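Given the structure is predicted, the values throughout are model-derived calculations rather than measurements. Computed from heavy atoms alone, side chains included, the values below leave out hydrogens, waters and symmetry copies.
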Amino acid sequence: MADKGLKELYIDELKDLYSAETQLVKALPKMAKSAASDELRQGFEEHLEQTKGHVQRLEQIFEALGESPKGKKCKGMEGLIAEGSEVAEEGYEGNILDAALIGAAQRVEHYEIAGYGTVRAMAEVLGEDEHVSLLTETLDEEKETDEKLTELAQEANSAGTPGDEDSTAVDEENPEAKSIGMERKNSKKTSKRVA
């Protein structure tokens, strides 16, 4: 009896994730269009393609279960996307806009990481080994995206701090200065890890 209840919960959670991912497929192009930097725009575009793959994996799981993925609206993702849309309309520009968009995107990633971790654990208990493999693949991709966003956030935040406008101009005129600046950032990261 307990297994039946868990399976129903598992299917319900999968439907929630399916709704979340399909909403995200619609939202990511808008986020990409709002991004100030080409790097962030490209990151959103790449994650859009990855998200389409997440939808396909979920559809594979639903097909194996003999269930429809439809019938549930993920209100959590709906709220996160609405907040992200508000950020784009706040009047921020350049690196500050990118930092705000990255923050909104990371909230989405953390929501998805929690959701995929939960359903993967359920799949393990239910003995759904193929599902575990598919869900782990998606979970790993969500974690990678979150790490990339963290790196982009550090760059956007550093470039958006007062007094950095001059160094940006130098970077554009002297590409080597930019790589030196990146080395300095990387050495700070390394020293933080060691400490």
Working to the nearest 0.5 angstrom, can you tell me the gap between T22 OG1 and E59 CD? 9.0 Å
Report yes or no: do L9 and V125 belong to one cluster of Ile/Leu/Val/Met/Phe/Trp/Tyr joined by side chain heavy-atom distances under 4.5 Å? yes
Can you tell me how far CD of E144 sits from CG of L139, rounded to the nearest 0.5 angstrom? 10.5 Å
Give a yes or no on whether a salt bridge exists between D38 and R41, defined as a side-chain N under 4.0 angstrom from a carboxylate O. yes
Check this for me: F62, atom CZ, are more than 12 non-hydrogen atoms of other residues, nucleotides or ligands nearer than 6.0 Å? yes
Please test E112 against L24 for side chain to side chain contact (heavy atoms under 4.5 Å, CB included), starting from the C-alpha separation and ending with a verdict. CA-CA 11 Å; E112 290 180 304; L24 197 52; 3.5 Å; yes
Do I61 and Y10 touch side chain to side chain, with heavy atoms closer than 4.5 Å? yes
Of the non-hydrogen atoms in A32 and E45, which two are nearest, and what is the gap between them? CB-CG, 4.0 Å
Using a 6.0 Å cut-off, check whether atom CD of E124 has over 12 heavy atoms from anything other than its own residue. yes
Taking atom types as modelled, find out whether Q56 and Q60 have a side-chain donor-acceptor pair closer than 3.5 angstrom. no
About how many Å separate CE of M77 and CG of D16, when rounded to the nearest 0.5 Å? 9.0 Å
Do L48 and L40 sit in one hydrophobic cluster, given that two such residues count as connected whenever their side-chain heavy atoms are within less than 4.5 Å of each other, even indirectly? yes
Quick one, F44 with K33, criterion side chain to side chain contact (heavy atoms under 4.5 Å, CB included). Give me CA distance, side-chain angles, the key distance, then yes/no. CA-CA 9 Å; F44 284 143; K33 187 176 179 183; over 6 Å; no
Joint hydrophobic cluster, Y18 plus V25, side-chain heavy atoms closer than 4.5 Å: yes
If you take all heavy atoms of L101 and V87, which pair is closest and at what distance? N-CG1, 3.8 Å
Give, for atom CD1 of I11 and atom CE of M122, the distance between the pair rounded to the nearest 0.5 Å. 11.0 Å
Among L58, V119, L65, L126, exactly one meets side-chain contact (heavy atoms from CB on, under 4.5 Å) together with H131. Which residue is that? L65
Please check if atom CD in E90 has more than 12 non-hydrogen atoms from other residues, nucleotides or ligands closer than 6.0 Å. yes
When rounded to the nearest 0.5 Å, the distance separating CZ of R107 from CG of L149 is 11.5 Å
To check you understand the geometry: which heavy-atom pair defines the closest contact between K30 and K26, and what is its length? CE-O, 4.1 Å
Is it the case that more than 12 heavy atoms not belonging to E78 sit under 6.0 Å from its CD atom? yes
Using modelled atom types and a 3.5 Å cut-off, is there a donor and acceptor pairing between side-chain atoms of D146 and backbone atoms of E109? no
Hey, are H54 and Y116 close enough side-chain-wise for a donor-acceptor pair under 3.5 Å? no
Considering all heavy atoms of both residues, which atom of E39 and which atom of L152 are nearest to each other, and what is their separation? CD-CD2, 3.3 Å
So, E151 and K148, do they make that salt bridge, N to O below 4.0 Å? no
Taking only residues two or more places apart in sequence, or in another chain, which ones meet E141 in a salt bridge (charged side-chain N to carboxylate O under 4.0 Å, His left out)? R57
When rounded to the nearest 0.5 angstrom, what is the spacing between CD in Q106 and CG in L80? 12.5 Å
Closest non-hydrogen atoms of D98 and A36, given as atom of the first, atom of the second and distance, are OD1-N, 2.7 Å
Ignoring hydrogens, what is the shortest heavy-atom contact between C74 and Y111? Give both atom names and the distance. SG-OH, 3.2 Å
Regarding T145 and Q50, is there a side-chain donor-to-acceptor distance under 3.5 Å anywhere? yes
With sequence neighbours excluded, what pairs up with Q23 under the side chain to side chain donor-acceptor pair (under 3.5 Å) test? S19
